[in-house]
Number of protein chains: 2
Amino acid sequence: MAKGRLPTSPHDETPVNRAGSAERRHSSATGADRTSAKRRVTIREVANLAQVSLGTVSNVLNNPTVVAPTTRKRVLDAIDSTRFVRNTAAHQLRAGKSRTIGVVLLDIANPFFTEIVRGAEHVLREQDYVLMLCSTDESAKREQRYFRVLEEHRVDGILVCPVDSDLESAVALVARGIPTVLLDRDGSSHGLCSAAVDDIRGAELAADHLFELGHQAIALVNGPATIRQCIDRKEGARRSVKRARCYRSASLQEIVVGALTIDQGEGAVAALLAAEPRPSAVMCANDLLAFGVLRGLAAAGVGVPEEMAVVGYDDVVFASMLSPSLSSVRQPKYELGVAAAELLLEEVTGAPHEHRAIRFEPELVVRASSTPRPVSAPRAKRSRPG
Amino acid sequence: MAKGRLPTSPHDETPVNRAGSAERRHSSATGADRTSAKRRVTIREVANLAQVSLGTVSNVLNNPTVVAPTTRKRVLDAIDSTRFVRNTAAHQLRAGKSRTIGVVLLDIANPFFTEIVRGAEHVLREQDYVLMLCSTDESAKREQRYFRVLEEHRVDGILVCPVDSDLESAVALVARGIPTVLLDRDGSSHGLCSAAVDDIRGAELAADHLFELGHQAIALVNGPATIRQCIDRKEGARRSVKRARCYRSASLQEIVVGALTIDQGEGAVAALLAAEPRPSAVMCANDLLAFGVLRGLAAAGVGVPEEMAVVGYDDVVFASMLSPSLSSVRQPKYELGVAAAELLLEEVTGAPHEHRAIRFEPELVVRASSTPRPVSAPRAKRSRPG
DNA sequence: GAAAAGGAATGAATCGTTTCAAATCGGGCA
DNA sequence: TGCCCGATTTGAAACGATTCATTCCTTTTC
């Protein structure tokens, strides 16, 4: 193995374990057995064996009803005994459909997207579509490259959570004739299909919650402003602050990091603690950032939630198991994937179809990271009723 | 959206949020714009525009050096101005390569596999390969179905973490001429390429650790015995017990669950607490199970690690952030994906190549879930002295 | 008993590339 | 001048399916 060019994970969670790798060569043959892999069985051989024409075999495969039962049986037997497996490339070339869907998302390591993929896969699998997975790591260049490759493969459609805040790239796809549905992004402004959650509302829920707890200076650890979700979530927080100001002093400080990852969240803690006025609560643009913030706060010896309340976003499955358990804005992830895939299928199969923007509502889940502990009320600001 | 047939997630973490979904129809056109999607540009149109033959265009694309610079420029300009995008299906049909790799794994929602995918994607992306992602949810039937689909697509190769303990399915793939590399499974016994970690050793590390802490009755929450990793990890635990028995009384009880998920782990707690003699420590076949066990123990009011020590397996990134933080056997996940992908590439490109089994060493990471309190207490900084 | 009808099966054209033997073109050399 | 040669370019034959206008049989109908 070419250790020299071993790529390192952008997620530095997993230390490299080079020392421990061993390697064993087998005695068995080399590339020889690949050469010996006899050419694949074609429809023609099946036709010969079954004593019918090419067209008939094709009909058995695609229009079984038009071929006589006895002939059909003969062909099916021939297919079995030759172990024929249809060549999708040839099919696609003539028939125009590839039974392939591209899924382009920001980070497959984020459990939020993982759940979306599960939902989409569930729907698509049943129609024998296969997913081409593309993780952009928030790089526009990589996204562009993947779009290109997917177009070369003539995918039947694309599910995409775009990197850039404008929707140009997605609109361009549609313009080039590729059915496209936005994931976790609203597309109604550009006439695109989409399955999304109201991010402004979600951030409002989070910020309102913090203000209701009595916090006055809150911080938002946010991702790059190129990502729409980050813009919207900031907007939601801003609206909440504006409302809160009617009743009390309220401020919002934004700390922008380079990516929506655990490490970046941890790195934001220094800035968070140095901010003036020092915030007593922080909301994060997603759960991974919040995980990092929690870790960083723990390392700095800052008590959560006593000294700093924390709220995340996404409510990924692990949020409830952290120490302390993380309050978060829940999004219906699996359903998002399902809805997007169904929308795309409609468009792909040419079903009567209007472009639609499906929108889910977020929901705040309050847990320990933003709940004053009953036993130890550190400060005299018990704003919570009861 | 056809809510009626909304599939439900096998992972029940995410409650359905049906009430909150809204839908907006756009005014823009329907399928019409798909019809209007003018036929794709072909190599022929490029040839016409550039005043050369088909073969020359093809050469510009595949053997740029054999065509004269001036001609090449003319063709490239024509490609630009027509926005030509090569059709992979046609390429594949003639040239035999699809630049596509199938990745078949047990559960894409498991961060362990996610990291592997990241590693594999990193390597393959650079060669312009695209991944076809297939998550089997430990179902042999689904695995079989996916293999079939991947073969129809004529993927250049497959990375697979097989469902069944025997390697028949993988061997069958190779027999059918599809280069295959095992993920997280040793293949040397069957002459298959593989990138794996020594699971027996890993489980020994975990069990040894527990016995060294003084535990005598330990439990293993294990997945189905159809999965090789589960078999091996049990074997490792068994060996450890045998050794421990030389010095003290030591016992191992196995609790088998249906799948390697959080929910199944939580469900195993009842059996765990009812076992006779009641174990004082439990090791789990993977971290997701351990997460569930931790949750179940917390719900049952059993203190970890005082009343029950817990050790997981995989050391997924979230393990260190749980409450309490989870001891686990670390596997080099990202590197596993990288190694497997590189191995597969060798085979696919026909590089001089012997089948090889790359083996990494596991490493025990001890954290709070298996550490007697006194050790961790002094380090914890407290906001409230007391 | 002949014609019409209709169900089955055929096979050539086609999809968009790659491949490769053959044609073409300019010189260089004897 | 004529021939040969290497560098370019050409064009037709694959690749493995699908499509569809035809042909071939049976039946049915009158």
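Atom CD1 in B:Ile79 sits about 10 Å away from atom P in C:dT17, given to the nearest Å. Rounded to a whole Å, the NZ atom of A:Lys73 is 19 Å from the C1' atom of C:dA8.
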Atom pairs, N/O to N/O, protein against nucleotides 15-21 of chain D, distance under 3.5 Å?
| residue | atom | partner | partner atom | Å |
| --- | --- | --- | --- | --- |
| D:dA17 | OP1 | A:Asn87 | N | 3.1 |
| D:dA17 | OP2 | A:Ile43 | N | 2.4 |
| D:dT18 | OP1 | A:Asn62 | OD1 | 3.2 |
| D:dT18 | OP1 | A:Asn62 | ND2 | 2.9 |
| D:dT18 | OP1 | A:His91 | ND1 | 3.2 |
| D:dT18 | OP2 | A:Ser58 | OG | 2.8 |
| D:dT18 | OP2 | A:Asn62 | ND2 | 3.2 |
| D:dT18 | O2 | A:Arg94 | NH1 | 2.7 |
| D:dT19 | O4' | A:Arg94 | NH1 | 3.2 |

Between the protein and nucleotides 21-27 of chain C, which nitrogen or oxygen pairs are less than 3.5 angstrom apart?
none

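Distance check: B:Ile178 CD1 to B:Leu150 CG gives 7.5 Å after rounding to the nearest 0.5 Å. Going from atom CG of A:Leu345 over to atom CG of A:Leu124 covers 5.0 Å, rounded to the nearest 0.5 Å. We find the CD-CG distance between B:Glu151 and A:Asn87 to be 10.0 Å, quoted to the nearest 0.5 Å. Taking OG from B:Ser135 and CG from B:Leu105, the interatomic distance works out to 6.0 Å, rounded to the nearest 0.5 Å. Atom CZ of A:Arg125 sits about 3.5 Å away from atom CZ of B:Arg142, to the nearest 0.5 Å. For the atom pair NE2 of B:His122 and CG of A:Asp137, the computed distance is 9.5 Å after rounding to the nearest 0.5 Å.
Taking side-chain N and O atoms only, B:Thr71 has a distance below 4.0 Å to OP1 or OP2 of D:dT9. Residue A:Thr56 places at least one side-chain N or O closer than 4.0 Å to OP1 or OP2 of C:dT10.
For B:Ala90 against A:Leu93, the heavy-atom pair with the smallest separation is CB-CD1, 3.9 Å. Of all heavy-atom pairs spanning A:Ile358 and A:Ala339, the tightest one is CD1-CB, 4.2 Å.
Comment: A:Glu346 engages A:Arg356 in a salt bridge, judged by a side-chain N to carboxylate O separation of less than 4.0 angstrom.
Each end of the helix from C:dG1-D:dC30 to C:dA30-D:dT1 gets its own axis, taken as the rotation carrying the C1' atoms of four end pairs onto the next four within a five-pair window, and the two axes meet at 60° to the nearest 10 degrees.
With no hydrogens or angles considered, no side-chain donor-acceptor pair links A:Ser81 and A:Asp77 at under 3.5 Å.
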